[in-house]
There are 2 protein chains.
Amino acid sequence: MARAATTADAFNAVAELRRRQILDLLAGGERAVNDLVELLGLAQPQVSKHLRVLREVGLVDVRDEGRQRMYRLNGRPLKIIHDWVSTFEQTWSRRFDQLDVVLEELKDTEAKDEN
Amino acid sequence: MARAATTADAFNAVAELRRRQILDLLAGGERAVNDLVELLGLAQPQVSKHLRVLREVGLVDVRDEGRQRMYRLNGRPLKIIHDWVSTFEQTWSRRFDQLDVVLEELKDTEAKDEN
DNA sequence: TTGACATATTCCGTTATCGGAATACGATTC
DNA sequence: GAATCGTATTCCGATAACGGAATATGTCAA
């Protein structure tokens, strides 16, 4: 086995900077592929490939509009990420940093007491 | 060029299920490597390798304790992910789903009006 | 129906990743 | 200081990701 398919889930899909940028752009509303190509400064095939990955994990929806394809953000799969990361929110909050310090000091004190 | 190193940032580090599991375990407190090996049911080298990635993006800190190495969670790098994902929070909320429906209906109405 | 435009797919080469097995290293313990 | 324990690193082999270039598909316009 080599590695998890990028297409497997939102975590993998979003690990790529370009795909995050695409989602950022789509947050501003529906966009045709060539719009994205221009805004990102990428080659068109690369953009289409990234869009495919995003489509496969459900992060974007497509709609045909004449010869264009309009892509639209669908953030729902991001909720899984949000939920998971939120679990750790305390970890980076100021107050818990302080708590860590207190706990460390406490540990040191105990260590001394054992002598 | 092939692909960005997994080791590059928190997004990539966390894209791997095993590494997320490790962080989940460390959320419960410091752990020695063999603890994690047992809890995860993985081979020890694999665990050490995942820990290395996590270390390199700053998601865990290490402390030497005799012949053991105690790993400890450091969630700070997750804040970047949290911040980014939070940008899209409205996208999956119930109220905005409803708004989407309304907008769709409106679009349909307009389409009919054009006939 | 031919040509131009918009997008998707395929093919290619390079590189990173992952798991597994073997091995190296470093700190204890005997 | 030799055996042992805990962990890290290295060396595979397989896979798949990525960018680039070429090409295919599909739609509109003349």
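Because the structure is predicted, anything quoted here is derived from the model rather than measured. Here is the naming used below: chain letters follow the sequence lines, and residue numbers restart at 1 for every chain.
For B:Arg69 and D:dG6, the shortest distance from a side-chain N or O to OP1 or OP2 is not below 4.0 Å. Here B:His50 reaches the OP1 or OP2 of C:dG19: one of its side-chain N or O atoms lies under 4.0 Å away. Between B:Arg52 and D:dA8, a side-chain N or O to OP1/OP2 separation shorter than 4.0 Å is absent. Residue A:Arg19 places at least one side-chain N or O closer than 4.0 Å to OP1 or OP2 of D:dC18.
The OG1 atom of A:Thr91 sits 10.5 Å away from atom CG of B:Leu26, with the distance rounded to the nearest 0.5 Å. Taken from CZ in A:Arg76 to CG in A:Asp61, the straight-line distance is 7.5 Å, to the nearest 0.5 Å.
The CD-P distance, from B:Gln44 to C:dT23, rounds to 15 Å in whole Å. As a whole-Å value, the separation of B:Arg63 CZ from C:dA27 P is 16 Å. Separating the CG atom of B:Asn12 from the P atom of D:dA16 is a distance of 18 Å, rounded to the nearest angstrom. C:dG19 atom P lies 7 Å from atom CG of B:Leu42, rounded to whole Å. In this structure, the CG atom of A:Leu40 is 15 Å from the C1' atom of D:dG19, given to the nearest Å. In this structure, the CD atom of B:Glu56 is 12 Å from the P atom of D:dA8, given to the nearest Å. For the pair A:Glu38 CD and C:dC5 P, the computed distance is 15 Å after rounding to whole Å. B:Ile22 has its CD1 atom 14 Å from the C1' atom of D:dT7, to the nearest Å.
Note on A:Leu73 and A:Leu40: same hydrophobic cluster, where clusters join Ile, Leu, Val, Met, Phe, Trp and Tyr whose side-chain heavy atoms are under 4.5 Å apart, directly or indirectly. A:Leu23 and A:Leu39 fall within a single hydrophobic cluster, where Ile, Leu, Val, Met, Phe, Trp and Tyr side chains are chained together by heavy-atom contacts under 4.5 Å. Cluster membership check: B:Val85 shares its hydrophobic cluster with B:Ile80, using side-chain heavy-atom separations under 4.5 Å among Ile, Leu, Val, Met, Phe, Trp and Tyr.
Contact check on B:Arg20 versus B:Asp24 returns no salt bridge, with no Lys/Arg side-chain nitrogen under 4.0 Å from an Asp/Glu carboxylate oxygen.
If you check every strand for non-hydrogen atoms under 4.0 Å, B:Gln46 touches a base.
Checked against D:dA8, C:dA8, C:dT9, the side chain of A:Tyr71 finds its nearest nucleotide in C:dA8. Proximity note for A:Asn34 (side chain, C-beta onward) versus C:dA6, D:dA8, D:dC18: the nearest is C:dA6. Nearest nucleotide to the side chain of A:Arg55, out of C:dG19, C:dA21, C:dT9: C:dT9. Among D:dT7, C:dA8, C:dG19, the nucleotide with an atom closest to any side-chain atom of A:Ser48 is C:dA8. When the nucleotides C:dA4, C:dA8, D:dT7 are ranked by their closest atom to the side chain of A:Arg67, C:dA4 comes out on top. Nearest to the side chain of B:Gln68, among D:dG6, D:dC11, D:dA8, sits D:dG6. Checking C:dG19, D:dC18, D:dA22 against every side-chain atom of A:Pro45, the shortest atom distance belongs to D:dA22.
Ranked by how close their nearest DNA chain D nucleotide is to the 5' end, B:Lys49 and B:Asp35 are led by B:Asp35. Closest-nucleotide positions on DNA chain D for A:Ala43 and A:Glu65 were compared, and the one nearer the 5' end corresponds to A:Ala43.
Counting atom types as modelled, A:Glu16 pairs no side-chain N or O with a base atom of D:dA17 as donor and acceptor under 3.5 Å.
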